[in-house]
Amino acid sequence: MLGIINFEVFLVAAILLNLTPGTDTMYIVSRSISQGRTAGIYSALGITAGVVIHTFLAAFGLSVILMQSALLFNLIKIIGAIYLAYLGIKMLLSKNNTTEQQSLPKQSNKKIFLQGMITNVTNPKVALFFLAFLPQFIQTSSEIFSPIPFMLLGLTFTLTGGIWCLITAYFTSMTTTKLRGNAKVSTILNKLTGIVFITMGIKLLQTKPSA
């Protein structure tokens, strides 16, 4: 089917992989706990948008360049780690204001979306995953390369992952609503979120350009 083989197996594998907690899940859960449902949903949408970008990069071969160029790989990795550390430090230093958190302006939602997208795009591990995982379900007998199979598989993975991310954001925020209402607890949650972001940055720096 359009150069794709064992699509049913891919679909099951994609769902199972998306259910496995990872960096994206940590980011969404942290945002949902510290800032509520709206922030969690915008984070999920941002992460999903980042995966779409990785899909197009893999489909048109730019991810191959990223994998083969150690300099470019390390540059992207460092940028992503610095960005995560910046977000973490910002949350650690921020002062809690319950009233402001309950009525986030649209601009803040836009920033949360962009932060989620940038966090995903600057994670070269996602690009390596796409290059290692997707080719297993693409027919290689054809001499003519087409980006369509990559795009279809990537968008399928994105759809299943996006749905799971939204579910994660919704239920995480719902179960911590009362906690965020307490000013002291809300401050602690913000600090913990900051620590999580910094930890994610450190783990990203440990990523190596290997298949």
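Residues take their numbers from the sequence shown, with the count starting at 1.
If you take CZ on Arg37 and OH on Tyr42, they are separated by 13.5 Å, rounding to the nearest 0.5 Å. In this structure, Gln115 CD and Asn120 CG are separated by 14.0 Å, a value rounded to the nearest 0.5 Å. Here the straight-line distance linking atom CD1 of Ile41 with atom CZ of Phe113 works out to 13.5 Å at 0.5 Å rounding. In this structure, CZ in Phe10 is found 10.0 Å from CD1 in Ile15, a value given to the nearest 0.5 Å. We find the CD-CG distance between Glu8 and Leu11 to be 8.0 Å, quoted to the nearest 0.5 Å.
In this structure, Met117 and Ile53 approach most closely via the heavy-atom pair SD-CD1, 3.9 Å. Taking every heavy atom of both residues into account, Gly40 and Ser32 meet most closely at CA-OG, 3.2 Å. In terms of heavy atoms, Ala39 sits closest to Ile112 at O-CG2, 3.5 Å.
A single hydrophobic cluster is not seen to contain both Val12 and Phe7; linkage of ILVMFWY side chains at heavy-atom distances under 4.5 Å, directly or through other members, places them apart. Residues Leu16 and Val9 are members of separate hydrophobic clusters, defined by side-chain heavy-atom contacts under 4.5 angstrom among Ile, Leu, Val, Met, Phe, Trp and Tyr. Cluster annotation: Ile89 is connected to Ile202 through the hydrophobic network of ILVMFWY side chains, with a link wherever side-chain heavy atoms come within less than 4.5 Å.
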What donor-acceptor contacts under 3.5 angstrom involve side-chain atoms of residues 147-169, with partners at least two apart or in another chain?
unit_1	atom_1	unit_2	atom_2	d
Thr156	OG1	Leu152	O	2.7
Thr158	OG1	Gly154	O	2.7
Thr160	OG1	Asn18	ND2	2.8
Thr160	OG1	Thr156	O	3.3
Thr160	OG1	Phe157	O	3.0
Trp164	NE1	Asn18	O	3.2
Thr168	OG1	Trp164	O	2.8

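Under the 4.5 Å side-chain criterion, counting only non-hydrogen atoms from C-beta, Asn109 is in contact with Thr38. Taking the side chain as every heavy atom from C-beta outward, Thr199 and Met26 never approach each other to under 4.5 Å.
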